[in-house]
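Every value quoted in this text rests on a predicted model; they were computed, and no experiment measured them.
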Amino acid sequence: MTGIRDYQAVAGEQLIEEIYELARQLKGCRVQHINSTFTGGGVAEILKRLVPMMQEAGLEVRWDVIRGDEEFFRVTKTFHNAFHGVPVQTTPAMLDTYRRISRENYDLVDPRADFVILHDQQPLGLAEIRPGHPGRWLWYCHIDPVDVDREVWDFLSPWARRCDAAIYHIQAYARNLGHRQYFMPPAIDPLADKNREVSSSEIAAVMERLGIPADLPLVVQISRFDRLKDPVGVVQAFRLVRKEVPCRLVLAGGGATDDPEGIQVLQEVRQEAAHDPDIFILELPPTSDLEINILQRVAAVVVQKSVREGFGLTVTEAMWKSRPVVASPVGGITVQIIHGQTGLAAATTGEMARAVVRILRDPSLAEKLGQNAREHVKKNFILPIYLKRWLELLTAEQS
Ligand code: UDP
């Protein structure tokens with residue numbers, strides 16, 4: 001397992017020393033992270049690495065997943081969409097389901113935790129028991145709450161208020177809940193299989209296994225099949241690009257256990273692609289980190305056509321690999337893609353197609369965007385920096 005010291009080569013010695021210094025003051029501190037899935041999606045991705053790093057730093061950390069049934073995850077997916085401004089219809093039965101499953105999970109909370117961290121809205125109902133618990137409770141909102149549906153917010157926010165503080169990815173997401181707020185964008189692990197350097201033989205083997213030829217430039221989007229990632233729009237943008245420059249499209253993603261809509265969206269994408277031999281739609285199992293790494297690395301352009309995006313780790317991952325990225329200027333993508341410097345922003349299908357064509361025709365632009373992208377991620381969005389920010393936050397909350 002990779003240790004904190006292993007990050008010295010990418011993060012520098014000083015940062016590592018700062019981490020150990022902060023960690024000394026938090027030694028033995030009991031931290032519990034609670035979210036809704038161990039696999040799929042950005043939160044699981046972050047916790048998978050953050051939890052062992054915090055443990056190595058000397059904290060007593062556990063990670064638990066809320067137990068829910070299909071109905072519960074349908075409800076929380078509706079809430080998720082409601083956060084992103086999608087018009088939704090909530091019913092009393094849905095709210096009852098949420099309350100019932102929350103109650104059934106009360107015993108999940110570690111009664112001795114110094115910090116209970118609730119990730120996103122799925123476990124937020126656990127905050128009902130906050131008044132009788134000795135620890136500090138933090139609600140970490142990983143999604144963009146700016147256009148949250150009023151009814152859903154009125155239902156959920158009383159639990160958020162019971163927490164001692166809230167964490168948002170970026171300042172634009174701040175909500176007035178009458179308690180402390182922190183801003184902490186997530187990060188990627190540069191040494192994980194998803195992001196580590198790979199050899200040319202690894203690349204060749206994976207691309208052969210995936211059956212994708214190397215004779216044309218690839219436009220790639222990696223994402224769960226979710227309408228908010230607009231995979232159908234990506235196919236439409238690709239068709240415009242291909243009229244100008246020969247290329248292929250790869251849309252790759254798997255499901256998440258807390259997202260019941262994926263299968264339907266996948267069908268919609270397949271329909272749009274209509275057996276086009278230049279469009280590769282790959283359903284990835286959860287063990288596909290190396291495949292994702294390689295697809296991002298071989299891409300001539302990585303696109304992220306999200307309608308909404310809490311942060312957009314797939315963008316960070318591609319930028320780390322020095323890839324030119326074209327992405328919608330939404331949510332957390334806006335702090336990653338600085339138009340013309342660390343990537344290109346494209347708000348519509350037409351703009352995305354034009355930006356991709358521009359990059360495909362201009363290798364020096366591709367090179368410049370890619371290099372700046374990597375530097376930007378290295379300074380702001382890699383795991384050791386994230387760990388340090390966490391330790392600072394916990395220290396501040398403790399005092
Ligand atoms: N991811 C994955 N397999 C997939 C699709 C996505 O491992 O099939 C990963 C992806 O590489 C990224 C994370 O899941 O690390 C997705 O995070 P992001 O913030 O981009 O979007 P979210 O899914 O949280 O909306």
Asks: More than 12 heavy atoms of other residues, nucleotides or ligands under 6.0 Å from CZ of R161: is that the case?
Replies: yes

Asks: Could you note down all residue pairs passing ring pair (Phe, Tyr, Trp, His ring centres under 6.0 Å) where residues 94-127 supplies at least one of them, sequence neighbours left out?
Replies: H33-H119, F72-Y98, F79-Y98, Y98-F155, Y98-W159, H119-Y140, H119-H142

Asks: Using a strict threshold of under 4.0 Å (side-chain N to carboxylate O), is an ion pair present between E309 and K229?
Replies: yes

Asks: Stepwise, does the side chain to side chain donor-acceptor pair (under 3.5 Å) test hold for S364 with D362?
Replies: CA-CA 6 Å; S364 67; D362 185 349; 2.9 Å; yes

Asks: I'd like to know if R103 and E128 make a salt bridge, using a cut-off of under 4.0 Å between side-chain N and carboxylate O.
Replies: no

Asks: Only counting residues at least two apart or in another chain, list the ones meeting side chain to side chain contact (heavy atoms under 4.5 Å, CB included) with E375.
Replies: K378

Asks: Filter on ring pair (Phe, Tyr, Trp, His ring centres under 6.0 Å), then keep only pairs touching residues 279-338, sequence neighbours left out; what's left?
Replies: H169-F311, F311-F381

Asks: For D120, which residues count as a salt bridge (charged side-chain N to carboxylate O under 4.0 Å, His left out) partner, sequence neighbours excluded?
Replies: none

Asks: Is there a side chain to side chain donor-acceptor pair (under 3.5 Å) between T314 and Q304? Walk through the geometry before answering.
Replies: CA-CA 8 Å; T314 49; Q304 190 62 52; 2.8 Å; yes

Asks: What pairs with R100 under salt bridge (charged side-chain N to carboxylate O under 4.0 Å, His left out), at least two apart in sequence or on another chain?
Replies: D69, E104

Asks: Enumerate the salt bridge (charged side-chain N to carboxylate O under 4.0 Å, His left out) contacts for residues 6-25, please, sequence neighbours excluded, ordered by first and then second residue.
Replies: R5-E17, E18-K388, E21-R24

Asks: Using the salt bridge (Lys or Arg N to Asp or Glu O under 4.0 Å) rule, take D226 and K77 through it: C-alpha gap first, then chi angles, then the decisive distance, then the call.
Replies: CA-CA 11 Å; D226 183 324; K77 179 69 191 187; 2.9 Å; yes

Asks: Which residues pass the salt bridge (charged side-chain N to carboxylate O under 4.0 Å, His left out) test with R248, not counting sequence neighbours?
Replies: D215, D278

Asks: With Q89, which residues qualify under side chain to side chain contact (heavy atoms under 4.5 Å, CB included), at least two apart?
Replies: none

Asks: Are R175 and W139 in a cation-pi setup, meaning NZ or CZ lies under 6.0 angstrom from the ring centre and within 45 degrees of the ring axis?
Replies: no

Asks: Taking salt bridge (charged side-chain N to carboxylate O under 4.0 Å, His left out) as the test, write out the residues that go with K368, two or more places apart.
Replies: none

Asks: According to side chain to side chain donor-acceptor pair (under 3.5 Å), does anything in residues 322-337 pair up with another residue at least two apart or in another chain? List the pairs.
Replies: T316-Q336

Asks: Count the heavy atoms belonging to other residues, nucleotides or ligands that lie under 6.0 Å from CG of N176, then report whether that count exceeds 12.
Replies: no

Asks: For residues 290-302, pull every pair meeting side chain to side chain donor-acceptor pair (under 3.5 Å), keeping only residues two or more places apart or in separate chains.
Replies: R209-E291, N293-R297, Q296-E317, Q296-K321

Asks: For E272, which residues count as a side chain to side chain contact (heavy atoms under 4.5 Å, CB included) partner, sequence neighbours excluded?
Replies: V232, V235, Q236, R239

Asks: Taking R354 first and then E351, would you say they form a salt bridge - that is, a charged N and a carboxylate O separated by under 4.0 Å?
Replies: no

